[in-house]
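What's counted below: heavy atoms across the whole structure, side chains too, no hydrogens, waters or symmetry copies. Index from 1, following the sequence.
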Amino acid sequence: MSAQLIHDNAPLGAIIRYCDGTPRPPERHRRKLQAWERHNNTGRLVKKQAGGAVGETAIPASFTLHEGDFGSEAVIVLRVFRTFSVDSALAFSIAERPAVGSILVLDHPGDAGELVHVAQNRQAADEWLSRHGYPNAVLQEVTADEVTADRGEGRAA
């Protein structure tokens, strides 16, 4: 799938896999493996941004993946995000969609909202919000209609 199809069809909360088509180097080649992993990895789709223009410069649409958190015990020290333009040359695929009935927690309302958590149900989302404190958070339930529509559009494309 192209980056444009991911931007247009993948639902927030989906696990997206991306790759450049090169074979994985052996484990013993640490530097080559680290370089390979920068272009071949997975992440959760947390944000979609429409294209625009700043003065004379056109900015293409993009999407952002959350690749992971680093820290110790219960303290997150570093969150890793990666943003891709819709004209990226990498190959993308949807590895997993959010489960029907799960709740997406967005940091604020509107199209610019960013996914901050995926909860199994409304109660789990409320508990998570009480501990993490997003005052303008929006909860969206994943419905069967949305998942079916996304899958249908992905096949047609």
Side-chain angles (χ1 to χ4, degrees), residues 1-27 29-70 76 78-122 124-125 128 134 137-157:
M1 249 182 178
S2 70
Q4 182 70 56
L5 288 174
I6 292 295
H7 182 273
D8 293 344
N9 298 325
L12 284 179
I15 302 295
I16 306 297
R17 181 175 288 121
Y18 59 93
C19 66
D20 63 3
T22 60
R24 180 185 172 97
E27 293 290 327
H29 298 286
R30 289 184 176 268
R31 289 186 185 163
K32 288 181 182 179
L33 184 59
Q34 288 174 345
W36 180 85
E37 287 175 345
R38 282 192 290 273
H39 300 286
N40 300 273
N41 209 337
T42 61
R44 183 175 300 276
L45 182 61
V46 295
K47 190 173 188 176
K48 294 181 183 182
Q49 297 144 317
V54 176
E56 300 281 324
T57 306
I59 299 172
S62 62
F63 58 90
T64 302
L65 303 180
H66 174 231
E67 291 186 349
D69 295 330
F70 295 95
I76 295 172
L78 177 69
R79 300 191 85 196
V80 179
F81 294 93
R82 182 116 187 237
T83 300
F84 297 93
S85 170
V86 294
D87 55 6
S88 173
L90 296 173
F92 295 86
S93 63
I94 300 173
E96 180 184 327
R97 295 173 187 275
V100 173
S102 61
I103 304 294
L104 305 179
V105 181
L106 304 174
D107 63 352
H108 60 274
D111 291 338
E114 182 176 325
L115 179 70
V116 291
H117 183 67
V118 178
Q120 291 180 345
N121 54 44
R122 175 83 55 182
W128 186 88
Y134 283 87
V138 176
L139 303 179
Q140 292 181 353
E141 184 173 359
V142 177
T143 64
D145 294 338
E146 291 171 348
V147 173
T148 304
D150 289 331
R151 286 189 178 148
E153 288 173 7
R155 270 192 235 119

**Study point:** Any donor-acceptor N/O pair, Asp107 side chain to Gly113 backbone, under 3.5 Å
**Key:** no
Point to revise | Arg44 vs Leu115 side-chain heavy atoms within contact, under 4.5 Å | key: yes
Under 3.5 Å, which donor-acceptor pairs link side chains of residues 49-57 to any protein atom two or more places apart or in another chain?
| from | atom 1 | to | atom 2 | distance (Å) |
| --- | --- | --- | --- | --- |
| Gln49 | OE1 | Ser62 | OG | 2.7 |

Review point. Are Ile76 and Phe70 close enough that some pair of their side-chain heavy atoms sits under 4.5 Å apart?
Key: no
Point to revise | Any residue meeting side-chain hydrogen bond (donor to acceptor under 3.5 Å, both in side chains) with Asn40, in chain and number order, not counting sequence neighbours | key: Asp20
Exercise for review: Evaluate the side-chain proximity of Val142 to Leu104: yes if any heavy-atom separation is below 4.5 Å, no if none is.
Suggested key: yes
Exercise for review: Would you please name every residue forming a side-chain hydrogen bond (donor to acceptor under 3.5 Å, both in side chains) with Gln4, sequence neighbours left out?
Suggested key: Asp8
Check your understanding: Can His39 and Thr22 be said to form a side-chain contact (heavy atoms from CB on, under 4.5 Å), step by step?
Key -> CA-CA 9 Å; His39 300 286; Thr22 60; over 6 Å; no
Point to revise | Results of side-chain hydrogen bond (donor to acceptor under 3.5 Å, both in side chains) for Ser2 - residues two or more places apart only | key: none
Study note, to complete from the structure: Across all chains, not counting sequence neighbours, the side-chain contact (heavy atoms from CB on, under 4.5 Å) partners of Ala14 are Pro11, Ile16, Ile94, Pro98
**Study point:** For Arg122, all residues meeting side-chain contact (heavy atoms from CB on, under 4.5 Å), sequence neighbours excluded
**Key:** Ile103, Asp126, Leu139
Revision key, fill the gap. Correct closest heavy-atom pair for Gln140 and Leu106 would be NE2-CD1, 3.4 Å
Practice item. Considering non-hydrogen atoms only, spot the tightest contact between Met1 and Ile6 and give its length. Key: SD-CD1, 3.6 Å
Point to revise | All side-chain contact (heavy atoms from CB on, under 4.5 Å) counterparts of Pro26, not counting sequence neighbours | key: Arg28, His29
Check your understanding: Counting N and O atoms only, with roles assigned by atom type, does the side chain of Ser88 sit under 3.5 Å from a partner on the main chain of Leu90, one being a donor and the other an acceptor?
Key -> yes
Check your understanding: Among pairs that include at least one residue of residues 78-87, which meet salt bridge (Lys or Arg N to Asp or Glu O under 4.0 Å), considering only residues two or more places apart or in two chains?
Key -> Asp69-Arg79
Revision key, fill the gap. dist Leu45:CG -> Glu96:CD (nearest 0.5 Å) comes out at 13.0 Å
Exercise for review: Check whether any side-chain heavy atom of Arg24 lies under 4.5 Å from a side-chain heavy atom of Leu33, and answer yes or no.
Suggested key: yes
Study note, to complete from the structure: Between Val118 and Gly13 the two heavy atoms that sit nearest each other are CG2-CA, 4.3 Å
Exercise for review: Identify, with sequence neighbours excluded, every residue that meets ring pair (Phe, Tyr, Trp, His ring centres under 6.0 Å) alongside Tyr18.
Suggested key: Phe84
Point to revise | Within 6.0 angstrom of Gln120 CD, more than 12 heavy atoms from elsewhere | key: no
Check your understanding: So which pairs with a foot in residues 94-119 pass ring-ring contact (aromatic ring centres under 6.0 Å, His included), sequence neighbours left out?
Key -> His117-Trp128
Point to revise | Check: Lys48 side chain, His7 main-chain N or O, donor-acceptor pair, under 3.5 Å | key: yes
Practice item. Mind checking side-chain hydrogen bond (donor to acceptor under 3.5 Å, both in side chains) for Arg17 and listing every partner two or more places apart, or none if nothing turns up? Key: none
Check your understanding: Are the side chains of Phe63 and Thr83 in touch, meaning some heavy atoms are under 4.5 Å apart?
Key -> no
Check your understanding: Residues in ring pair (Phe, Tyr, Trp, His ring centres under 6.0 Å) with His66, at least two apart?
Key -> Phe81
